[in-house]
There are 4 protein chains.
Amino acid sequence: MDRRLTQRGKERKRQLMDFAATRFAESGYHPTSVAEIVEGMGVGKGVFYWYFASKEELLLEILREAQLDMRRRQQSEMGDSTDPVDRLESGIRATMYWLAEHRDLMSLFEFAQADEHFGPLLRPGRDNSMSDVMRHVQEAMVAGRVPNGDPFVVSHAIIGVTNHLARVFILGREEPAEDVAQAAIMFCRSGLLGQRGGTGCRLR
Amino acid sequence: MDRRLTQRGKERKRQLMDFAATRFAESGYHPTSVAEIVEGMGVGKGVFYWYFASKEELLLEILREAQLDMRRRQQSEMGDSTDPVDRLESGIRATMYWLAEHRDLMSLFEFAQADEHFGPLLRPGRDNSMSDVMRHVQEAMVAGRVPNGDPFVVSHAIIGVTNHLARVFILGREEPAEDVAQAAIMFCRSGLLGQRGGTGCRLR
Amino acid sequence: MDRRLTQRGKERKRQLMDFAATRFAESGYHPTSVAEIVEGMGVGKGVFYWYFASKEELLLEILREAQLDMRRRQQSEMGDSTDPVDRLESGIRATMYWLAEHRDLMSLFEFAQADEHFGPLLRPGRDNSMSDVMRHVQEAMVAGRVPNGDPFVVSHAIIGVTNHLARVFILGREEPAEDVAQAAIMFCRSGLLGQRGGTGCRLR
Amino acid sequence: MDRRLTQRGKERKRQLMDFAATRFAESGYHPTSVAEIVEGMGVGKGVFYWYFASKEELLLEILREAQLDMRRRQQSEMGDSTDPVDRLESGIRATMYWLAEHRDLMSLFEFAQADEHFGPLLRPGRDNSMSDVMRHVQEAMVAGRVPNGDPFVVSHAIIGVTNHLARVFILGREEPAEDVAQAAIMFCRSGLLGQRGGTGCRLR
DNA sequence: AATGAATGAGCGTTCATTCAT
DNA sequence: GATGAATGAACGCTCATTCAT
């Protein structure tokens with residue numbers, strides 16, 4: 001299935017992946033049949049199996065590309081600052097913006113992560129993102145910017161806040177990414193007991 | 001499908017729900033066929049449809065029962081304290097213990113929440129849990145125990161931390177519920193910048 | 001299945017047959033399940049199989065009873081006159097009245113006659129009715145009241161007119177039995193070319 | 001289910017419709033399973049659902065095509081004469097010939113007309129045929145060829161005679177269409193009391 | 001590269017019937 | 001007599017995948 005594709009072939013493949021992602025996000029992976037995808041695109045079944053070994057492979061390709069793209073965005077946003085806490089905040093912000101721009105893919109991630117079969121196949125990518133976050137947390141602890149603790153746990157807490165707020169406020173309520181990012185950052189900074197303040201929270 | 005069941009009938013139904021929950025958690029809802037369930041239990045197919053209108057209805061019944069049970073546990077744990085922050089912490093702890101005792105159901109919640117069809121059907125239950133949390137957050141703000149802010153957002157942040165840590169450390173790594181609860185509570189209390197301390201974190 | 005039934009048993013059986021006939025007429029024989037019948041009557045499945053050997057046997061019993069009852073009515077109406085043509089007209093009228101009073105059973109006859117399995121089982125009863133009609137036709141020919149011809153063909157023509165008008169005007173349009181009977185009688189008497197007249201036709 | 005079919009596809013569909021019609025006529029619609037049809041044709045199940053949306057849709061397609069074809073035959077036979085009574089007689093004759101050539105479809109019509117579900121779906125087609133007949137009857141009345149009366153009732157009487165004689169003598173006894181047509185025409189012309197004669201009746 | 005046609009195992013579900021109580 | 005529970009073959013239908021053209 002490693003075809004050398006012409007320019008036209010690459011475009012076809014793109015269209016197929018985009019169209020399938022939308023359908024998967026709307027109706028779910030299992031309920032969306034290959035027939036639906038090819039009919040929706042007005043092509044024959046052969047086209048699908050020319051570009052993808054299977055329906056499963058299609059989803060994995062969509063997912064892996066998305067993981068890569070999101071990570072690139074996070075890194076390009078985080079990379080510049082010298083303060084690790086700043087970098088974490090940039091990462092949260094980058095994540096929110098990316099998710100807001102790719103709601104379909106957010107849905108797909110939700111599905112895949114919860115899925116017995118696809119969940120484990122997402123691990124490598126998630127581990128990468130995870131160690132990105134952890135690196136900054138660790139650095140922040142070493143630098144004394146953040147109290148000592150288990151960086152793995154703290155990183156997961158950050159990810160938990162970020163993802164859940166994205167789910168609720170971006171996927172569910174279509175709030176502006178900036179506002180959701182601010183909310184996540186503020187909670188991650190100081191939790192419940194710390195002083196709320198600064199830019200405040202514009203959600204709702 | 002509202003049958004008046006004998007004692008034997010009720011037991012059968014229980015067995016079916018428990019067995020199905022395990023299978024759904026192990027292999028996923030879609031990949032688990034009704035045939036697999038009844039064969040696994042050594043009964044005829046008719047039995048299944050004697051107790052449940054459909055495979056879907058079975059899942060919903062499992063899910064609704066689980067939501068109810070978890071909420072009962074949270075409330076019985078939270079109810080006694082006069083301090084709203086204490087109550088929130090009790091709620092987090094109750095959640096962790098419940099999830100640790102019902103890993104299968106945690107898996108099922110993950111799946112259902114991410115699912116295009118079942119997700120929305122979980123809403124009523126989730127809204128109830130949500131408003132439980134929010135009530136305490138609001139009270140804590142009014143009492144000055146917690147800086148003012150949007151209680152809806154703050155509640156979701158708490159839920160995000162709790163669920164994600166549960167996912168990673170209880171479902172994925174089978175850590176003791178108490179430790180995971182402590183970790184969640186500590187992060188929720190003071191976020192990144194607050195002082196880490198107290199009982200410390202025993203995860204890993 | 002030849003049970004000696006108590007009084008209560010006979011009533012139960014009656015109720016079952018009446019209820020089933022209604023349901024069969026409304027929704028069709030195949031689409032109506034035994035479960036539907038017993039649930040509709042609020043009894044258990046056992047009751048059904050106590051009174052009937054099978055669903056098929058139930059239908060046959062309904063049908064045979066109906067054939068018998070209709071024939072009794074035709075004969076009691078026809079029997080008195082000395083003119084065979086009068087008797088034929090009385091038969092048509094009796095048929096229309098009976099069908100109007102038993103629309104459900106008319107539906108069932110329609111179904112059963114068209115059915116590959118039940119059709120042939122209705123033969124004995126239909127043959128009886130047929131020879132009733134034929135006897136009068138033959139007599140009328142012998143008496144010179146009606147031109148000679150094949151009494152079998154003529155009898156079927158009469159039956160065709162009667163049944164079809166019943167189907168259309170009694171089952172479909174709920175016209176009064178008397179009017180439909182008049183219409184059938186008039187057409188059977190003189191066909192297209194004969195003089196229309198007498199009481200006229202009140203249909204529509 | 002509006003597929004653009006290749007030549008091969010059209011032939012397959014034809015074969016399926018013909019084969020299914022035969023089976024339905026032999027064993028009945030409900031008792032004939034899709035599996036039986038595809039096995040009888042030696043193809044996979046998918047083939048069936050490639051050409052038809054459902055078993056029901058298949059029957060409807062068969063039925064509608066048959067209605068259309070029969071009506072075409074009636075009209076081509078009736079169209080030429082200037083005398084409306086002649087046209088009615090041609091219509092009866094055309095019907096008998098068509099039914100004799102399509103015994104399977106006659107069976108299917110019987111079933112469908114008596115069926116709670118399919119009966120109503122046949123209405124449009126039957127209404128068309130009905131108004132064809134009525135037009136001629138009305139014209140005959142206006143022209144004084146036939147005594148005045150309700151053309152709707154008279155038309156239904158004609159249809160009743162024709163269909164019933166077809167049922168008995170063509171479907172049941174395989175008599176020649178010409179003889180059955182003659183018998184129907186004669187009865188419709190002059191009923192019971194008119195003079196029998198002319199070509200006489202060759203049935204039996 | 002692409003098509004329409006075909007495959008067939010497997011799905012969720014139904015239902016006439018039987019049975020233990 | 002009557003019940004709720006159970007059976008299991010059969011049903012209509014789906015769908016990822018393959019194939020001939």
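Within every chain, numbering begins at 1; the chains are lettered A, B, ... in the order of the sequence lines, protein sequences first and strands thereafter. Predicted, not measured: the structure shown is a model, and the values here were computed from it.
- The salt bridge (Lys or Arg N to Asp or Glu O under 4.0 Å) pairs that include a residue from residues 12-32 of chain D are Lys13(D)-Glu61(D), Arg14(D)-Asp18(D), Arg14(D)-Glu65(D), where partners are two or more places apart or lie in different chains.
- Residues satisfying the salt bridge (charged side-chain N to carboxylate O under 4.0 Å, His left out) test with Arg126(D), not counting sequence neighbours, are none.
- Between Asp115(B) and His30(B) the shortest side-chain heavy-atom distance falls below 4.5 Å.
- Between Phe109(A) and Leu122(A), some side-chain heavy-atom pair lies under the 4.5 Å cut-off.
- Val47(A) is not listed as a side-chain neighbour of Phe52(A), based on a closest heavy-atom distance of 4.5 Å or more.
- Between Glu39(C) atom CD and dG4(F) atom C1' there is a gap of 12 Å when expressed in whole angstrom units.
- Atom CZ in Phe48(D) sits about 13 Å away from atom C1' in dC11(F), given to the nearest Å.
- Between Met41(C) atom CE and dT3(F) atom P there is a gap of 10 Å when expressed in whole angstrom units.
- Heavy-atom nearest nucleotides on DNA chain E were determined for Glu36(B) and for Tyr29(C), and the one closer to the 5' end corresponds to Glu36(B).
- To the nearest angstrom, P of dG12(E) lies 12 Å from NE2 of His30(A).
- Atom CD1 in Ile37(D) sits about 11 Å away from atom P in dC13(F), given to the nearest Å.
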Nucleotide pairing, DNA chain E (Watson-Crick or G-U, distances under 3.5 Å), in dot-bracket with [ ] and |: .||||||||||||||||||||

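- Every residue meeting the side-chain contact (heavy atoms from CB on, under 4.5 Å) condition with Tyr49(D), not counting sequence neighbours, appears here in chain and number order: Val34(D).
- Residue-to-nucleotide proximity on DNA chain F shows that, of Ser54(D) and Thr32(A), the 5′-proximal contact is made by Ser54(D).
- Rounding to whole angstrom units, CD of residue Glu56(C) and C1' of dT17(E) are separated by 14 Å.
- Side-chain nitrogen and oxygen atoms of Tyr49(B) include none within less than 4.0 Å of the OP1 or OP2 phosphate oxygen of dT14(E).
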Any chance you could list the contact pattern along nucleotides 2-10 of chain E? Use B for base contacts, S for sugar-phosphate-only contacts and - for none, protein heavy atoms under 4.0 Å, 5' to 3'. SBBBBBB-B

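- Counting to the nearest Å, the P atom of dT14(F) and the NZ atom of Lys55(B) are 16 Å from each other.
- Listed by chain and number, the residues in a side-chain contact (heavy atoms from CB on, under 4.5 Å) with Glu116(A) amount to none (sequence neighbours excluded).
- No side-chain heavy atom of Asp69(B) sits under 4.5 Å from any side-chain heavy atom of Leu105(B).
- Lys55(C) contributes a side-chain N or O that, together with a main-chain N or O of Tyr29(C), makes up a donor-acceptor pair within less than 3.5 Å.
- Across the protein-nucleic acid pair, His117(D) atom NE2 and dG12(F) atom P stand 14 Å apart, rounded to whole Å.
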